[in-house]
A.B. asks: 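Okay, here's the structure, questions in a sec.
On a predicted model such as this, the values are computed, not experimentally measured, just so you know. The chains referred to below are lettered A, B, ... by the order of the sequence lines, with proteins before strands, and numbering in each begins at 1.
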Amino acid sequence: VPTEQPMPDLVQRRRPWLTDQRMAWLFISPSVILLLGISIFPLIWSVYLSFTRYKVTGRATPVWVGLQNFHTILTNNDLYNDWPIFQVTALIVIAAVGLEFLLGFGLALILVRKFPGRGLILTLMLTPMMLAPVIVGLFWRFMLDASFGVVNYMQITWLHLPRVDYVNQPGTAIASIVVADVWMWTPFMLLISVAGLSAIPNYLTEAALVDRASAWFRFRHITVPLVWPLLLIALIFRTIDAIKLFDLPFTLTGGGPGESTLTVSYLLYTKAFNDYDTGSSCALAYIILIMVIALANIYIRNLNKVTAA
Amino acid sequence: MTSRHNRVALSLTLLCALIASAGSGLHPAKAAMRTLHIAWFEFTPADILNQLGTQYGQEHGVQIVVDRPPLSQWYTSVFNQFAAHKTSFAAAALDSQWIGQAVNDHDVPELTTWLKQNLTVTDFDPYLFASYSQYPQRLPGTTGSLDLVHGHFYGVPWFADAKMWVYRKDWFADPANQTAFKAKYGYALGVPKSMDQIVDIADFFTNPTKGTYGIATHEQTGYDAAAETFLPWCWNYGGNIWNPTTGAVQGYVNSDRCVHALQLVDHLTQKDSPPGSGSNFIAEVTKDFNQGKVAMIESWLCCFGGGGSLFDPKASTLGKTAAEIGQKVGFFNYPGQTYKGVTSRVAPLGGMGLSLSAYASAADQKAILGFVKWFLTPRIQKEWFQGGATPTSKSILSSAAFKGAQPWNSLTGQALSMTRDFWNMPEYSTMLKVMNDEINASMNGQVDAKTALDRIARKQASILSGSGRYSAYK
């Protein structure tokens, strides 16, 4: 009876220490080291700095102050009355994202239908979101200029309205930022909405038509439920982006008049790169991060509910 | 020969040609040229300095390149590099207020010994020398002026500047305007003799239906624009922004004198300035003047010359040649004011010193100091002021050659002799941001003058007490 012998390795390993698992680690180690060096470590370091009094320009080492930086930002203080800045940011986010959603979805309902020149119109309408925000800010600053801007020219010449110094009055300055942001990012909402609307199966609409469902019924019970998950994702992106809005106020209004269009990101820039108050700016950055995560979570919960349904 | 051989031969030929062309492109002198950078910002004097840096390279084999970011990014472009403790520049032209922060953070090395050994320090204008170079500027037992015996110096007095007024000579000389003005205000229309008269003249020339306005001045929230418009009005009405001895702000910047001064500024910016003036800085007021919209502008004399400025026919509607424009453009210094028994005549100080980067190598620092010595020779200083820049040497400022070099130069010496600067301490940037934002809000009618100045006082007092630096000023 032949005895069973163990099978010899068909291929002799040249480097027996280089196991599959070790090789896998070897391959991913550059990415891990890079991630630790440029992302994880700065993140942990900035968490530590947010609890310290520290100026990056100085030679002094960080001094632990506990929650003092957070307390100063979240309560009224003599230097920065931060609460109105949060309010201005919220106002801009709600107005801009709301208008972008309504306009983008509305335009998508028109542009989802096939007609001659649709492709060209869609391409042209997407152009603003391809521009750099700084360019958009400067572009609108010239357009809205009280002295030579085309907007004032049109309203005086054609509509016989008085001249308005849009970027230098508190109310109109905020509106100017909203208008510029809406102009730039409505195409993003439009693009996502068109993609969502195009993906709705025709047979659902056709079945509803056979059942003589009204246009409103089809919109309410077919279009909206099927597009909503995609729209929610677009809203998450736009809300996060709008909370971080910096470029437009920086170039369009300079945060003024006074501090009336200072957004939280602009305040963060001022604390970090004008005052070089590194500890306080790190604390503010984490407050903004927590706000963004909280808002994103609300959206994501809603999204999960919708997709589950 | 096979096709394989052909390909190999062709490849070798191309490789040889590439090596030969690369070799011929390397000019021996150019390859050996050392290049050092000076940080400044985009304006005419920096362009002239860059040209002089090229000339220095041709003469001495060390090319000096001037980095010129936009004015609004100048501060962050310098101090972000200082914060990284590594700079792309070997030296930086630092605005006079920055010296406290730069010295305190050890970003610039002390130059006291080098200055005394290599330059005629008594030839610099003493106030400019102290402002651009000395820190702390108020030494114990002194009055805040230059102290060549005990003082510590960190910069070379490099470029002098002050604010001045530009006016429409032709509008002022117009007989119809002369008669109407005399009838309305009871005195002759001419170069104003007081700050109050500036307000009258601005009111007189403001006629929105004709598209003409009395004044254009800096109002922007960027850098020091709005603050540096308020400061000369505050000082000329006998006010002050703080007490440098005690560090107190309350009761100074929001005093009755400063409130009155800011109310006048608000009147000028809201009633007598062209629409949209809330965003004005140097380029915008120059544009308003060049387009014939305003009777007067208040600006830095560093920006009167050069391309795109007052005498550039391509940028101005006032004439087809510089000479024709010159017939319509006049200059005057701050006339001062007597207010509630106090007479003051002050102009805000601009200008910069040149400081070395503490992070540059010793060899680069030495090379830059060689350039400084060459730059401060009379031959190069002459080229410097003929291009439109302003030297800091007393003898040059008082020379006939300098006074005749530019239309405003005859008034420059007087302007510099009555300059005043604001805080030079490390907290300057935060203090300035607060003042700039609040003054801008007041200028645009968002808040009244008293509220804006009260807010400034409260915020600046908070900055000073938070810094723990009060004791250093006692």
A.B. asks: Keeping A:T52 on the side-chain end and A:L49 on the backbone end, is there a donor-acceptor pair under 3.5 Å?
C.D. replies: yes
A.B. asks: Relative to chain B, which segment of A:R141 carries a heavy atom at a distance below 4.5 Å: side chain, backbone, both, or neither?
C.D. replies: side chain
A.B. asks: Just give me the residue among B:A226, B:A452, B:S279, B:A84 that pairs up with chain A most often, heavy atom to heavy atom, under 4.5 Å.
C.D. replies: B:S279
A.B. asks: Take A:Y153 and A:F148 through the test ring pair (Phe, Tyr, Trp, His ring centres under 6.0 Å) and record every step on the way to the result.
C.D. replies: CA-CA 7 Å; A:Y153 171 79; A:F148 56 80; over 10 Å; no
A.B. asks: In terms of heavy-atom proximity below 4.5 Å to chain B, should A:T253 be classed as side chain, backbone, both, or neither?
C.D. replies: backbone
A.B. asks: Looking at A:G149, A:G255, A:G58, which one has more heavy-atom pairs under 4.5 Å with chain B than the rest?
C.D. replies: A:G58
A.B. asks: Look at the rings of A:F139 and A:W183 and say which category their plane angle falls in: under 30° parallel, 30 to 60° tilted, over 60° perpendicular.
C.D. replies: tilted
A.B. asks: Given that the side chain runs from C-beta out, which part of A:D165 has a heavy atom under 4.5 Å from chain B: side chain, backbone, both or neither?
C.D. replies: side chain
A.B. asks: With chain A, which of B:G276, B:P274, B:A441 has the greatest number of heavy-atom pairs at distances under 4.5 Å?
C.D. replies: B:G276
A.B. asks: Side chain from CB out, backbone as N, CA, C, O: work out which of these in B:Q81 comes under 4.5 Å of a heavy atom of chain A, or both, or neither.
C.D. replies: neither
A.B. asks: Is the CZ atom of B:R68 crowded by more than 12 outside heavy atoms at less than 6.0 Å?
C.D. replies: yes
A.B. asks: Could you check whether any side-chain heavy atom of A:V88 comes within less than 4.5 Å of a side-chain heavy atom of A:E259, counting everything from C-beta outward?
C.D. replies: no
A.B. asks: Side chain from CB out, backbone as N, CA, C, O: work out which of these in B:Q220 comes under 4.5 Å of a heavy atom of chain A, or both, or neither.
C.D. replies: side chain
A.B. asks: Counting heavy-atom pairs under 4.5 Å to chain A, which of B:G222, B:G445, B:S429, B:S442 comes out on top?
C.D. replies: B:S429
A.B. asks: Are the charged groups of B:D454 and B:R458 less than 4.0 angstrom apart, N to O?
C.D. replies: no
A.B. asks: If I measure from the heavy atoms of chain B, does A:V167 come under 4.5 Å with its side chain, its backbone, both, or neither?
C.D. replies: side chain
A.B. asks: Report which part of A:Y166 has an atom under 4.5 Å of a heavy atom belonging to chain B: side chain, backbone, both, or neither.
C.D. replies: neither
A.B. asks: Classify the angle between the aromatic ring planes of A:F188 and A:F237 as parallel (below 30°), tilted (30 to 60°) or perpendicular (above 60°).
C.D. replies: perpendicular
A.B. asks: With B:Y75, which of B:F41, B:F82, B:W98 fulfils ring pair (Phe, Tyr, Trp, His ring centres under 6.0 Å)?
C.D. replies: B:W98
